[in-house]
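FYI, side chains are in, hydrogens and waters are out, and symmetry mates aren't considered; it's all heavy atoms of this structure.
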Amino acid sequence: MIAADLATGRARSVPTPTIFSTFCAITPDLGVISYYDGHSVWVDFSKGTTTPIDAVRYGLSKESRRMTLMDAVPLGDSIFLVTTRYGACSYDLRNDRFTRHRIFAEGKPIGLEESMARVFQDELGTFWAHNSTNVIAFSDVRNSIGLLRNYSDDPAQSWSNRIIGFTEDAEQNIWFGGFNGFNKLDTKTGRVEMHPPEEDATDRLSHISVRGMAFDGRYLILGPTLKGMWLYDPRSDRFRRPVFATDSVHAAIDREFVRGIVPLRDGNFFICARHHTYLLEGKSYRLDFLEFPGSTGEIHAACQDSLGRIWIGSQQSIIVLDEQYRFLFRHAVEGGSLVSIFQRSKGEMLIGTNNGLLRLSPASAHGTWTQVDGPIDGHAVNTIYHDQRNRFWFGTDDGLFLADHQLRVFRRFDFADNIQSEYYYPFSVLRASNGLLFLGGRNGINYFYPENIEIDARPLAVTVQTLTIGDSVQWNPRPGFVLNHHQNTLQFGVVAPYFNNAGKLQYRYRLSEDGEWFSTGGSNVIRLAGLAPGSYRLEVTASIAGAQWYAAPPLEFRIQPAFWQTTAFIIGAVLAGLLALFFFVRHREKCSESASSSRSNWNGSRPRRCNTNWKLPKPSCRACACK
């Protein structure tokens, strides 16, 4: 095997014992050779050595040592995406470690990873791979939205796709609730471990629905929608109940519908529930009622601001306590039920309702309410998250939205962006320690790095790719082409590559630089019938849902007139017509003169003989000249 430096002309070689099937370069000094029998070797050109790649040593197989590494693409920071017989893997060159990955479509593995051969990354960051019968396009989760759903056919492993509540333990496992108990997501392997309820059990969770989730470093705190709260120790797999302040607290929490659990700065936990408000002390795990004006109504949301104040959302009001849980003030909220609360800044709060988003400024008893206009107006704003780029993410009942800090520019994500559904639940947002943001909804989990997602969609590369005239198709028509007069019905094919929801693409065109725009909707075909002779400038633009228009290079062309439409022909025809008219008029004048002369002779002396050779003028006259 030879590695040649084309800039210097220097070449290095490493002998290979037999014919190999594939080679891929990792670095200028390191490559991989795969032989026809399936095993692969590292090729180190700097040392002139080859080293077998042991799939068992790298943890990719328990039986076969053969690797069969087909291709590699750099991901940056000494990480490479590689295709192997064990599927798509990332290879960490610094730590000499392979990590297997799954490629998901609609939240489920595609099942083609083991057969992928070559892989390529285009300039837009999309990966393309193929096997003998398929071409696969996929995105890196570092720059796109990931989706996880239950994909097991085994009922014992079929966790519910309805996700409500998140927390993270000390081992960076993600725990989530919803329906059929609670579950653990191992972020290193992607595996989900179920913890279903046991019906009628008295020593562990027995209710099917869990919404409240929190972790204090030791216990997973579980808030079901019935049958009371539980503390679960992940290390020992043991359950215990909180310490109840009174028997009435015990009886009340066993009948309670827990909506969510909010960790507080002092280590305690605020419990949002349907009938009462509770406080769980962090060190003693003592559970008691938290009493304040409005504490016995439905509590839908809560958060603690930078001043330590606790903002509590009941059905149609905001209640604010100080850090010692003393009542400060209350605001009535009109126009909808409260579902989420978030501190936008020291002087402003964002309040999500089931009818849009409100701003309270200043964040005090004397603040005023302002409705936030935009696409989330009229929808339930169930979750609010503020990312490190000073932007806001809103999980609603109508999908996922990203907004700028001024809340003026919004981007809506839909199913083609890989979101789990249109509905996101309250208390279902978590920023994990690895930087991933987790959002839960009606049909799975979304996870992504929010700072890597742009509020403006990728610019579209728009081109006019084909020109069809009759049965003839021209590819990539060049500006300045000239057509005959009978070639005046044209069809242009426009291409704007977009790998998400193609139904969001819209097209329009015009035939002059300052002309009127004509929309073709979602059709990328422009048909122009019966164009008059002349010069045209075809301008085509495309947009994703009409938000921003991207233009193709303008295409100038000219349709020649027929010979009878040329200026010379028209001038000649006009001159010929004028000449014919002139002779016609002269002829009429002569006829008129002849007729007048004939009438004059008829009324005078009688002629003696007739001149039979004289021709009557037209129209014929009865007069006869006689001698």
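Side chains of Ser337 and Gln315: a donor on one and an acceptor on the other come within 3.5 Å. Side-chain contact check for Asp237 and Tyr232: at least one donor-acceptor pair (N or O, by modelled atom type) lies under 3.5 Å. Side-chain contact, Gln371 with Asp377: a donor N or O sits under 3.5 Å from an acceptor N or O. If you check the side chains of Tyr58 and Arg97, you find no donor sitting under 3.5 Å from an acceptor. Remark: the Ser543 side chain and the Gln506 side chain contain no N/O donor-acceptor pair separated by less than 3.5 Å. Tyr447 and Asn434 are not linked by any side-chain donor-acceptor pair at a separation below 3.5 angstrom, with hydrogens and angles left out of the test. Counted by atom type alone, Asp387 and Trp393 present one or more donor-acceptor pairs between their side chains at under 3.5 Å. Between the side chains of Arg408 and Gln406, no donor N or O sits under 3.5 Å from an acceptor N or O. Side chain to side chain, Ser317 and His331 fail the donor-acceptor criterion of an N or O pair below 3.5 Å. Residues Glu281 and Ser284 bring a donor and an acceptor atom of their side chains to less than 3.5 Å of each other. Side-chain atoms of Asn183 and Trp175 form no donor-acceptor pair, as typed in the model, at a separation below 3.5 Å.
Screening Leu357, Val429, Ile341 for a side-chain contact (heavy atoms from CB on, under 4.5 Å) involving Ile384 leaves a single residue, Leu357.
Ring-plane geometry between Phe98 and Tyr91 is classed as tilted, the angle between the planes lying from 30 to 60 degrees on a 0 to 90 degree scale. Between His276 and Phe289, the two ring planes are tilted [angle within 30° to 60°]. Taking the six-membered ring for Trp and thresholds of 30 and 60 degrees, Tyr425 and Tyr423 have ring planes more than 60 degrees apart, a perpendicular arrangement.
Considering all non-hydrogen atoms of both residues, Arg162 and Ser209 come closest at NH2-OG, 4.3 Å. Taking each heavy atom of Ile419 and Gly399 in turn, the nearest pair found is CD1-CA, 4.2 Å. Summarising the geometry of Gln304 relative to Leu264, their closest heavy-atom pair is OE1-CA, 3.5 Å, with the distance given to 0.1 Å. Here the closest non-hydrogen pair linking Thr396 and Val381 is CG2-CA, 4.3 Å. Residue Asn382 comes nearest to Ser340 through the heavy atom pair O-CB, 3.4 Å, listed as atom of the first residue, atom of the second, then distance.
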Glu168 and Ser433: side-chain hydrogen bond (donor to acceptor under 3.5 Å, both in side chains), yes or no, with the steps?
CA-CA 8 Å; Glu168 182 180 19; Ser433 57; 2.7 Å; yes

What verdict does the ring pair (Phe, Tyr, Trp, His ring centres under 6.0 Å) test give for Trp159 and Phe176, after you've listed the backbone C-alpha separation in whole Å, the side-chain angles of each residue and the deciding distance to 0.1 Å?
CA-CA 11 Å; Trp159 49 275; Phe176 59 93; 5.5 Å; yes

Determine, stepwise, if the pair His275 / Glu256 fulfils side chain to side chain contact (heavy atoms under 4.5 Å, CB included).
CA-CA 7 Å; His275 303 294; Glu256 194 63 82; 3.3 Å; yes

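Two residues are said to be in side-chain contact when any heavy atoms from C-beta on lie closer than 4.5 Å; Phe410 and Leu402 fail this criterion. The side-chain heavy atoms of Thr187 and Ile174, taken from C-beta on, include a pair separated by under 4.5 Å. A 4.5 Å side-chain heavy-atom check between Leu321 and Trp311 finds every atom pair outside the cut-off. Residues Pro426 and His300 have side chains not in contact (no heavy-atom distance under 4.5 Å, counting atoms from C-beta outward). The side-chain heavy atoms of Cys89 and Arg100, taken from C-beta on, include a pair separated by under 4.5 Å.
Taking a cutoff of 4.0 Å between a charged side-chain nitrogen and a carboxylate oxygen, Asp398 and Arg412 qualify as a salt bridge. Under 4.0 Å is where a charged nitrogen must lie from a carboxylate oxygen, and between Arg389 and Glu454 at least one such pair does. A salt bridge is defined here as a Lys NZ or Arg NE, NH1 or NH2 lying under 4.0 Å from an Asp or Glu carboxylate O, and Asp288 with Arg286 meets this definition. Looking at Glu298 and Arg259, a side-chain N of the basic residue comes within less than 4.0 Å of a carboxylate O on the acidic one, giving a salt bridge.
Under a cut-off of 6.0 angstrom, the local environment of CD in Glu334 is sparse, with at most 12 non-hydrogen atoms contributed by other residues, nucleotides or ligands. Heavy-atom contacts from other residues, nucleotides or ligands closer than 6.0 Å to CZ of Arg238 number 12 or fewer. The environment of CD in Gln324 is crowded: more than 12 heavy-atom neighbours from other residues, nucleotides or ligands sit within 6.0 Å.
By the 6.0 Å and 45° rule, Arg240 does not stack over the aromatic ring of Trp230.
Legend: salt bridge (Lys or Arg N to Asp or Glu O under 4.0 Å) pairs involving residues 211-233, not counting sequence neighbours: none detected.
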